Amino acid sequence: MKNLSLKFVLIFSNISFCQIPYSPAVEIFLGLENASVSHTINMNSFGAVFGYTYNGNHSYEITNYYDHLDYEAPPNLSEGNWAGFDFVFSSTSPPTFDIYGFGFYKVTIDEGTSYFFLDYRDQRYGSYELYPPPSYGHDADIWIKYDDNLNQFFVKSDGGFDWNNPVPVGAILRI
């Protein structure tokens, strides 16, 4: 009987573990609420974007690799299943998601009229050692939600916090 119980626990544990939602390694998580279809969330740079390489020393150079980013967001997924954009510091090779660099970006939905700006022009961004302790989670991550009923974006900087007020159209959010 003990042997049967042990087998049951091992099998059940394996099945339960496989059902944990996968959260991709990105820094900007994008999602939709109250949507009946998927939408494309766009980030377009305004001005120069700096990329980053490390080959023995830190190197920042102007690039056009990160000028236009698109993510097709499926409707109404739970936050744990959102994906989005990857940051130049942490991207994989080859990249799985579009990559953003150090720049000033306009965020839109389907290239439409609801938009705001993200200002990532600070070389300290993404350097976790610069955040004062205690540091919980990934300090560089943000979550952007678009509510299709309200035609508005919402932004938060922690996966566990509640959503704040909507981001006003044309607002500039600095890191």
Side-chain angles (χ1 to χ4, degrees), residues 20-33 35 37-112 114-131 135-148 153-161 163-164 167 171-175:
I20 295 172
Y22 167 72
S23 182
V26 296
E27 280 73 35
I28 298 179
F29 292 88
L30 303 168
L32 303 175
E33 187 172 82
V37 297
S38 60
H39 290 284
T40 302
I41 298 176
N42 320 98
M43 271 181 50
N44 294 301
S45 68
F46 275 68
V49 175
F50 287 81
Y52 171 83
T53 56
Y54 183 79
N55 50 5
N57 59 18
H58 300 282
S59 176
Y60 300 89
E61 34 190 60
I62 295 176
T63 179
N64 61 359
Y65 290 132
Y66 317 118
D67 288 351
H68 180 82
L69 295 80
D70 291 317
Y71 175 71
E72 186 77 18
N76 309 317
L77 291 178
S78 65
E79 287 180 34
N81 292 314
W82 289 7
F85 301 132
D86 202 1
F87 183 53
V88 67
F89 267 15
S90 66
S91 62
T92 58
S93 183
T96 307
F97 300 97
D98 283 356
I99 300 170
Y100 64 99
F102 296 97
F104 188 77
Y105 290 94
K106 181 179 182 180
V107 178
T108 61
I109 187 85
D110 297 325
E111 303 281 355
S114 185
Y115 69 93
F116 67 96
F117 296 95
L118 283 175
D119 188 352
Y120 281 106
R121 296 175 295 182
D122 188 332
Q123 71 181 26
R124 295 172 297 174
Y125 173 75
S127 299
Y128 294 110
E129 69 274 7
L130 299 176
Y131 293 91
S135 178
Y136 303 104
H138 297 280
D139 297 303
D141 294 355
I142 65 168
W143 286 257
I144 299 173
K145 172 180 74 174
Y146 178 77
D147 188 312
D148 210 15
F153 284 102
F154 295 78
V155 176
K156 64 181 180 175
S157 61
D158 187 294
F161 291 170
W163 291 98
N164 294 322
V167 177
I172 299 172
L173 303 181
R174 291 180 172 83
I175 58 163

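Residues take their numbers from the sequence shown, with the count starting at 1. Worth saying up front: this structure is predicted, and the values here are computed from it rather than measured.
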With E27 as partner, the option from I142, I99, D86 fulfilling side chain to side chain contact (heavy atoms under 4.5 Å, CB included) is D86
dist D147:CG -> E33:CD (nearest 0.5 Å) comes out at 5.0 Å
For T63, the side chain to side chain donor-acceptor pair (under 3.5 Å) test, sequence neighbours excluded, returns none
CD (E111) and NZ (K106) are apart, to the nearest 0.5 Å, by 8.5 Å
On a heavy-atom basis, the closest approach of F104 and I172 is CE1-CG2, 3.9 Å
Here the pair of heavy atoms bringing A83 nearest to F97 is CB-CE2, 3.5 Å
Nearest heavy-atom contact between E72 and S38 is OE2-OG, 2.8 Å
d(S157 OG, N164 CG) to nearest 0.5 Å is 8.0 Å
Do L118 and I28 pass the side chain to side chain contact (heavy atoms under 4.5 Å, CB included) test, and can you show the C-alpha distance, the side-chain angles, and the key distance before you say yes or no? CA-CA 11 Å; L118 283 175; I28 298 179; 4.2 Å; yes
Subject >> Aromatic ring proximity, centroids under 6.0 angstrom, F102 and F87 >> reply: yes
request  = Compare all side-chain heavy atoms of I144 with those of V167 and state whether any distance is below 4.5 angstrom.
outcome  = no
Does the separation of the ring centres of F85 and Y100 fall below 6.0 angstrom?
no
N64 meets the side chain to side chain donor-acceptor pair (under 3.5 Å) criterion, sequence neighbours left out, with none
Interatomic distance, CG@L30 vs CG@L77, rounded to 0.5 Å, equals 11.5 Å
Smallest heavy-atom separation, I41 atom then A73 atom, equals CD1-CB, 4.3 Å
Given the options N42, T40, N44, D70 meets side-chain hydrogen bond (donor to acceptor under 3.5 Å, both in side chains) only with N42
- Task: Given side chain to side chain contact (heavy atoms under 4.5 Å, CB included), test D98 with Y71 step by step and report yes or no.
- Result: CA-CA 8 Å; D98 283 356; Y71 175 71; over 6 Å; no
What one should report as the nearest heavy-atom pair of Y105 and V49 is OH-CG1, 3.4 Å
Looking at the rings of F153 and Y146, which for Trp means the six-membered one, are their centres under 6.0 Å apart?
yes
Nearest heavy-atom contact between L32 and W82 is N-CZ2, 4.4 Å
* Are any non-hydrogen side-chain atoms of E79 and F29 less than 4.5 angstrom apart? -> no
Distance col, row F154:CZ vs K145:NZ, nearest 0.5 angstrom, shows 5.5 Å
